[in-house]
Engineer: 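First the structure, then my questions, so here it is.
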Protein chains: 2
Amino acid sequence: MNTNRKKNLDSNDAKEIAVTAVTQDAYSAKPAPRVVPTPSVRRLPLYLRLLRDYVAQGRETISCTRLAADLRFDPTQVRKDLALTGVVGRPKVGYPVAELIAAIEDFLGWRNPVNAVLVGVGSLGTALLGYNFSLHGVNIVGAFDAAPEKVGQVVHGREIMPIGYLTHFIQHRHIPMGILAVPAQAAQSVAEMMVAGGVRAIWNFTSAALQLPLDVLVERADFSASLAVLTRALAHGLAPTPPKIP
Amino acid sequence: MNTNRKKNLDSNDAKEIAVTAVTQDAYSAKPAPRVVPTPSVRRLPLYLRLLRDYVAQGRETISCTRLAADLRFDPTQVRKDLALTGVVGRPKVGYPVAELIAAIEDFLGWRNPVNAVLVGVGSLGTALLGYNFSLHGVNIVGAFDAAPEKVGQVVHGREIMPIGYLTHFIQHRHIPMGILAVPAQAAQSVAEMMVAGGVRAIWNFTSAALQLPLDVLVERADFSASLAVLTRALAHGLAPTPPKIP
DNA sequence: CTCCAATGGAGAATTTATTCTCGATATATG
DNA sequence: CATATATCGAGAATAAATTCTCCATTGGAG
């Protein structure tokens, strides 16, 4: 009964297709739709990965039929997802690969990485520090840990700072994102420090359910959800193999 | 149009509530529903985590109202999710905590862990080997890597074996699950080896879109999906802060 | 013992996501 | 130049997930 937040802006989204640049470029961008399905956002990186492969193979255009076949998706779903980026395809040809890549990166904010801090330099935290997420929209610019013996160590080029500095560091450098890789018991209090510093989003690798202000976006990344899907399927005679007899 | 696999058995699921053991236990199990929403399965571990906290606090029963408040979920959603386990609650009291825990673990198959092999002992693979997933339904019983210098090393108590042994190992020990933590370029070929060995599910930490038989369940665990949600939100003025004005 | 308030259960209603259908368009072919 | 066909775009139809509504039950208060 409460979630009427988009009711007031979903009435004017169907009447402004292809008004811009009808003539010259043919691959013209449409205004991006205002409301975006989260599952589509999650799928976009998959397209991106594949599109880069196509570039490596020298392709300049790609049809959604082909994309769908490679991903085992429904072609219509691919079209709807790609429509989010505003790139338009051409009949009989497909979408321009290079433009699509750029548009997806733009859409996801992956051309302008945001800064982030990571807290909890255990085995997972260390692994995360080892990745370079700058092509995925995130730069980890600080690492923190509660264990005094870890403070001062340098892991993957970053010196570990004490938790006591966390809030001030975030505040002072205007860090918008925190990565939580601490033990579950510590999660809530560390998350609160992050929020106190002004973080607007948290990537939560712990199994804790965080209690935070509603305007802080928490993305759950702990392993138990996907494990649940896998083990449940294996225990109960596996996913019933969608028959698909069209 | 094709997915009519449940149509023929959804007619007889509403008329047999609380027929078993009406008198003595009161917390009687109902027959589990046949079709299960995946989002619900993903949420079950969250309940489990919270329920264990409640046990630690000495609670014996818990209302879905309270659970929902702690998780910021809708109470009805909590009820529907818990109904999957077959545990029934009592008005004015709530659900029996201990029974719920057991029922969720059973439902997810977490009381009888399945064996799994892990391939790719890089930083992420090493971190995964360090976790003990046996309370989450999985025992990693073998680790493999392509790099000759890693083979023979012992990581978190497991000796790394050469990739060449992978298929035979899976086949011989009837391993139902593979964990993919290799570089994306190697993902497809390693996945095929796993499938050749007889694996029925793959936990895929790579960014590759695997092309495998449809009866092999692939659960995507790579980081790009959740990063996409986070960075897109941060780039475009964040999740519109659900106003919640009831 | 009777009434009240909290609660779970079931199904309906709504919202969200996916898939289907159709028409338009651009390229290739003859 | 005319025609056939692969493809996209949009909207409709379907399916899935979430939320709402109502009712029955239970324990506690008076």
Side-chain angles (χ1 to χ4, degrees), chain A residues 1-7 10 13-19 22 26-28 30 33 35-43 61-69 71-96 100 242 244 246, chain B residues 1-7 10-11 13-19 22 26-31 33 35-43 61-69 72-96 100 242 244 246:
Chain A
M1 187 192 287
N2 344 6
T3 62
N4 50 357
R5 73 194 107 116
K6 69 189 101 47
K7 270 284 156 43
D10 68 350
D13 58 356
K15 271 292 161 295
E16 44 203 341
I17 42 166
V19 185
V22 219
Y27 297 139
S28 54
K30 289 177 301 183
V35 66
V36 170
T38 305
S40 297
V41 176
R42 303 190 108 92
R43 283 188 295 265
T61 58
I62 185 74
S63 72
C64 79
T65 319
R66 175 70 190 281
L67 265 169
L71 290 164
R72 316 221 174 203
F73 286 174
D74 183 281
T76 310
Q77 184 170 66
V78 175
R79 250 178 275 154
K80 288 251 199 284
D81 289 345
L82 298 185
L84 292 179
T85 67
V87 174
V88 302
R90 288 207 313 217
K92 197 83 172 162
V93 175
Y95 297 89
L100 251 192
K244 288 276 182 191
Chain B
M1 187 190 285
N2 349 6
T3 63
N4 51 356
R5 71 193 108 112
K6 69 187 103 51
K7 271 285 157 42
D10 67 350
S11 46
D13 59 355
K15 270 293 163 293
E16 44 204 338
I17 42 168
V19 185
V22 220
Y27 296 137
S28 53
K30 289 177 302 183
V35 65
V36 170
T38 305
S40 297
V41 176
R42 302 190 110 90
R43 284 188 295 265
T61 58
I62 185 71
S63 73
C64 79
T65 321
R66 175 70 189 282
L67 266 169
R72 316 222 174 202
F73 286 174
D74 183 280
T76 309
Q77 185 169 65
V78 175
R79 271 198 295 261
K80 288 254 199 285
D81 288 345
L82 298 185
L84 292 179
T85 66
V87 173
V88 301
R90 288 207 312 216
K92 199 75 174 166
V93 176
Y95 297 89
L100 252 192
K244 289 274 182 189

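Please read these numbers as outputs of a predicted model, since none were measured by experiment. Hydrogens, waters and symmetry mates play no part in the numbers below; they use all other heavy atoms, side chains included. Quick note on labels: first sequence line is chain A, next is B, and so on, each numbered from 1.
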Engineer: What's the closest nucleotide to the P39(A) side chain, out of dA6(C), dG9(C), dA17(C)?
Structural biologist: dA17(C)
Engineer: Flag the pair L82(B) / Y95(B) as yes when at least one side-chain heavy-atom distance between them is below 4.5 Å, and no otherwise.
Structural biologist: yes
Engineer: Starting at CZ of R43(B) and ending at C1' of dT19(D), how long is that distance when rounded to a whole Å?
Structural biologist: 12 Å
Engineer: Quick one: CG on L67(A) to CG on L100(A), what's the gap to the nearest 0.5 Å?
Structural biologist: 7.5 Å
Engineer: Can you identify which nucleotide, out of dT25(C), dT26(D), dG9(D), has its nearest atom closest to the P91(B) side chain?
Structural biologist: dT26(D)
Engineer: I'd like to check P37(B) versus L84(B) (side-chain heavy atoms, cut-off strictly below 4.5 Å). Are they in contact?
Structural biologist: yes
Engineer: Could you tell me how far apart R42(A) (CZ) and dA17(C) (C1') are, to the nearest whole angstrom?
Structural biologist: 14 Å
Engineer: Test for a donor-acceptor pair under 3.5 Å between the base of dG8(C) and the side chain of K80(B), counting only N and O atoms.
Structural biologist: no
Engineer: Between Q77(A) (CD) and dA17(C) (P), how many Å, whole number?
Structural biologist: 11 Å
Engineer: Give the rounded distance in Å between these two atoms: CG of D74(B) and P of dG9(C).
Structural biologist: 15 Å
Engineer: What is the separation between atom CZ on R79(B) and atom C1' on dT25(D), rounded to the nearest whole Å?
Structural biologist: 13 Å
Engineer: Could you give the CZ-to-P distance, from R72(B) to dT19(D), as a whole number of Å?
Structural biologist: 15 Å
Engineer: Specify the residue among T76(A) and K92(A) whose closest nucleotide of DNA chain D lies further upstream toward the 5′ end.
Structural biologist: K92(A)
Engineer: Side chains of R66(A) and S63(A): closer than 4.5 Å at any heavy-atom pair?
Structural biologist: yes
Engineer: When you measure only distances, ignoring hydrogens and angles, does the side chain of R90(B) come within 3.5 Å of the base of dG8(C) through a donor and an acceptor?
Structural biologist: no
Engineer: Let me know the distance between CD1 of I62(A) and C1' of dC8(D), rounded to the nearest Å.
Structural biologist: 14 Å
Engineer: Rounded to the nearest angstrom, tell me the gap between atom CG in L84(A) and atom P in dA17(C).
Structural biologist: 11 Å
